[in-house]
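Okay, structure first, notes after.
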Amino acid sequence: MTRISPDELERAKSILGTIASSYGHTVVGQDGLRSSLMIALMTGGHILLESVPGLAKTTAAKALADAVSASFKRIQCTPDLLPSDIIGSQVFDYATSSFSTQLGPVHANFVLLDEINRSSAKTQSAMLEAMQERQTTIGGEVFPLPHPFLVLATQNPIEQEGTYHLPEAQLDRFLLKEVLDYPEFAEEIEILARLEAGVYDDDEADATQPETVSIDDVLFLQSVTKRVFLDESITNYIVSAVYVTRHADQYISADLAGSIEYGASPRASIAFSKAARALALLNGRDHVIPDDVKTLRHVVLRHRIILNFEAIADNIVPETIIDAVFDAVQAP
């Protein structure tokens with residue numbers, strides 16, 4: 001694998017700086033969310049955002065799309081949403097007595113699925129093909145999705161009426177799961193100040209929109225990210241941590257180990273490998289260090305470790321188990 005040249009590293013830093021500047025023009029705080037969104041963009045992975053209402057999940061997704069000159073579609077998920085409402089359908093044209101295909105909103109570079117857990121299992125399965133295979137099938141014909149393609153899905157954990165549990169198979173296909181918290185006092189003051197200044201008004205936003213990057217810039221970022229150096233010792237560190245989640249009773253306390261129904265799949269190791277490379281590049285490095293992996297432990301594993309009923313009843317959260325797992329694994 002060809003190592004990243006100094007010129008390529010400088011170009012990557014410049015592109016990332018432009019995206020961060022454009023994103024920061026709209027979104028206040030939420031540094032963890034910004035990092036996760038950038039990693040998803042750099043790796044071509046999908047991201048699941050979870051929080052109570054009003055914490056800028058939709059705003060952040062739109063801000064990332066605005067930072068790139070690419071197509072963006074938002075889908076509001078509801079229980080009566082059909083697969084054809086997302087992927088598209090065949091429409092009969094009476095003038096020609098033939099069917100024509102109309103592509104759905106999933107055929108965009110950035111797709112925001114608002115409240116994905118409100119869509120039915122049938123609709124979720126249609127999204128599964130799009131997320132994994134990066135294509136849709138309409139009337140027996142396959143339509144590839146644009147490149148890059150990124151799904152940003154949101155869900156609200158406090159409202160369960162009219163929702164459908166996301167299957168573990170679909171959760172596993174999200175590269176990262178970011179859980180948002182309330183803004184700090186000063187950050188909320190800044191949000192109101194920007195609101196008063198008209199930053200979020202369409203007319204004002206058009207006049208003050210910062211510089212954006214192109215799709216070619218994003219494709220360059222994704223290409224460079226794949227060439228960030230990952231030492232064999234870091235790979236062993238990643239696989240060791242994921243392995244411990246499957247054999248926790250041998251490495252962590254019995255009460256925490258007994259809370260795990262199923263450990264993480266090999267997709268967790270793949271996600272660590274991809275995301276760690278992106279985080280290293282995000283921090284201006286052409287190589288991964290152990291802290292990159294440790295920093296990503298929650299966003300990579302929290303939706304991949306399945307807890308049993310007793311753990312859920314005792315309010316044990318995945319993050320507690322993840323921290324215990326990494327405490328048990330020796331970093332290189």
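Ile215 and Val213 are not part of a single hydrophobic cluster, where members link through side-chain heavy atoms under 4.5 Å apart. Under the 4.5 Å side-chain heavy-atom criterion for ILVMFWY residues, no single connected hydrophobic cluster contains both Ile39 and Val179. Linking ILVMFWY residues whenever their side-chain heavy atoms come closer than 4.5 Å, directly or via other members, leaves Ile252 and Val317 in distinct clusters. Under the 4.5 Å side-chain heavy-atom criterion for Ile, Leu, Val, Met, Phe, Trp and Tyr, Val244 and Ile316 are members of the same hydrophobic cluster. Hydrophobic clustering of Ile, Leu, Val, Met, Phe, Trp and Tyr side chains at less than 4.5 Å, counting indirect connections, unites Leu9 with Val288.
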| message | Set out, in order, the CA-CA distance, both residues' side-chain angles and the distance that settles ring-ring contact (aromatic ring centres under 6.0 Å, His included) for His247 and Tyr243, then state yes or no. | response | CA-CA 7 Å; His247 305 275; Tyr243 178 87; 4.2 Å; yes
| task | Evaluate the criterion side-chain contact (heavy atoms from CB on, under 4.5 Å) for residue pair Thr136 and Val106; output intermediate values, then yes/no. | result | CA-CA 9 Å; Thr136 60; Val106 77; 3.9 Å; yes
| query | So Arg11 and Asp217, side-chain contact (heavy atoms from CB on, under 4.5 Å) or not? Walk me through it. | reply | CA-CA 9 Å; Arg11 182 185 172 190; Asp217 289 328; 3.2 Å; yes
| task | Check step by step if side-chain contact (heavy atoms from CB on, under 4.5 Å) holds for Leu81 and Ser120. | result | CA-CA 7 Å; Leu81 190 72; Ser120 66; over 6 Å; no
| query | Between Asp216 and Ser214, does a side-chain hydrogen bond (donor to acceptor under 3.5 Å, both in side chains) hold up when you go through it step by step? | reply | CA-CA 5 Å; Asp216 285 341; Ser214 67; 5.0 Å; no
| said: Assess the residue pair Leu307 and Glu261 against the criterion (side-chain contact (heavy atoms from CB on, under 4.5 Å)); give the C-alpha distance rounded to whole Å, side-chain angles, the decisive distance to 0.1 Å, and a yes or no. | reply: CA-CA 5 Å; Leu307 303 184; Glu261 187 75 20; over 6 Å; no
| field | Audit row: Asp231, Ser233, side-chain hydrogen bond (donor to acceptor under 3.5 Å, both in side chains) steps and yes/no | value | CA-CA 5 Å; Asp231 190 77; Ser233 62; 2.6 Å; yes
| request: Would you sort out whether Gln76 and Arg74 count as a side-chain hydrogen bond (donor to acceptor under 3.5 Å, both in side chains), showing the intermediate values? | output: CA-CA 7 Å; Gln76 180 63 54; Arg74 176 181 178 273; 2.8 Å; yes
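Both cation-pi conditions hold for Lys62 and Phe72: the charged atom is under 6.0 angstrom from the six-membered ring centre and inside a 45 degree cone around its axis.
Applying the 6.0 Å contact sphere to CD of Gln135 captures more than 12 heavy atoms from other residues, nucleotides or ligands.
At distances below 3.5 Å, at least one donor-acceptor pair connects side-chain atoms of Thr225 with backbone N or O atoms of Leu221. In this structure, Gln124 contributes its side chain and Ala121 its backbone to no donor-acceptor pair below 3.5 Å. Panel note: side chain Asn109, backbone Pro148; a donor-acceptor pair is recorded below 3.5 Å. Without hydrogens or angle criteria, Gln90 side chain to Ile138 main chain gives no donor-acceptor distance under 3.5 Å. With hydrogens and angles ignored, the 3.5 Å screen pairs no side-chain donor or acceptor of Asp314 with any backbone N or O of Ala311. The closest donor-acceptor contact from the side chain of Thr245 to the backbone of Val242 lies under 3.5 Å. Distance alone, capped at 3.5 Å, is enough to place a donor-acceptor pair between the Arg134 side chain and the Phe149 backbone. Between the side chain of Arg304 and the backbone N or O of Asp172 there is at least one donor-acceptor pair closer than 3.5 Å. Under a 3.5 Å cut-off, the side chain of Ser240 and the backbone N or O of Asn236 do form a donor-acceptor pair. No donor-acceptor pair under 3.5 Å is formed between the side chain of Thr123 and the backbone N or O of Ser119.
The shortest side-chain heavy-atom distance between Leu48 and Leu171 falls under the 4.5 Å cut-off. Inter-residue side-chain proximity for Leu281 and Val224 is flagged as met; some heavy-atom pair is nearer than 4.5 Å. For the pair Asp114 and Ile75, the minimum side-chain heavy-atom distance is 4.5 Å or more. Thr212 is not listed as a side-chain neighbour of Ile19, based on a closest heavy-atom distance of 4.5 Å or more. Counting only heavy atoms from C-beta outward, the side chains of Val228 and Ile4 approach each other to under 4.5 Å. Inter-residue side-chain proximity for Arg118 and Gln155 is flagged as unmet; no heavy-atom pair is nearer than 4.5 Å. Between Leu219 and His147, the closest side-chain pair of non-hydrogen atoms falls below 4.5 Å. The closest side-chain heavy-atom distance from Ser51 to Asp181 is not below 4.5 Å.
Considering CG of Leu103 and CG of Leu145, their distance stands at 9.0 Å, rounded to 0.5 Å. One distance of note links CD1 of Ile305 with CZ of Arg246; it measures 10.5 Å at 0.5 Å rounding. Going from atom CD1 of Ile260 over to atom CG of Asp249 covers 9.0 Å, rounded to the nearest 0.5 Å. A distance of 9.0 Å separates CD1 in Ile306 from CD1 in Ile312, rounded to the nearest 0.5 Å. Separating the OG atom in Ser36 from the CG atom in Leu176 is a distance of 5.0 Å, to the nearest 0.5 Å. Residue Leu175 holds its CG atom at 10.5 Å from CZ of Phe272, rounded to the nearest 0.5 Å.
Under 4.0 Å is where a charged nitrogen must lie from a carboxylate oxygen, and between Asp292 and Arg277 no such pair does. Salt-bridge annotation for Glu10 and Lys13: present, with a side-chain N of the basic residue lying under 4.0 Å from a carboxylate O of the acidic one. The existence of a salt bridge linking Glu319 and Arg297 is excluded, since no basic side-chain nitrogen approaches an acidic carboxylate oxygen closer than 4.0 Å.
The shortest heavy-atom contact between Thr26 and Thr59 is CG2-CG2, 3.6 Å. The minimum heavy-atom distance linking Glu178 with Val299 is given by the pair OE1-CG1, 3.3 Å. When every heavy atom of Gln330 is checked against every heavy atom of Tyr237, the shortest pair comes out as O-CD1, 3.7 Å. Across Met38 and Leu282, no two heavy atoms sit closer than the pair CE-CD1, 3.9 Å. Heavy-atom minimum distance, Met127 versus Leu113: CE-CD1, 3.5 Å. Heavy atoms only, all atoms of each residue included: Ile289 and Ile234 are closest at C-CD1, 4.0 Å.
A donor-acceptor pair shorter than 3.5 Å can be found between the side chains of Asp80 and Thr78.
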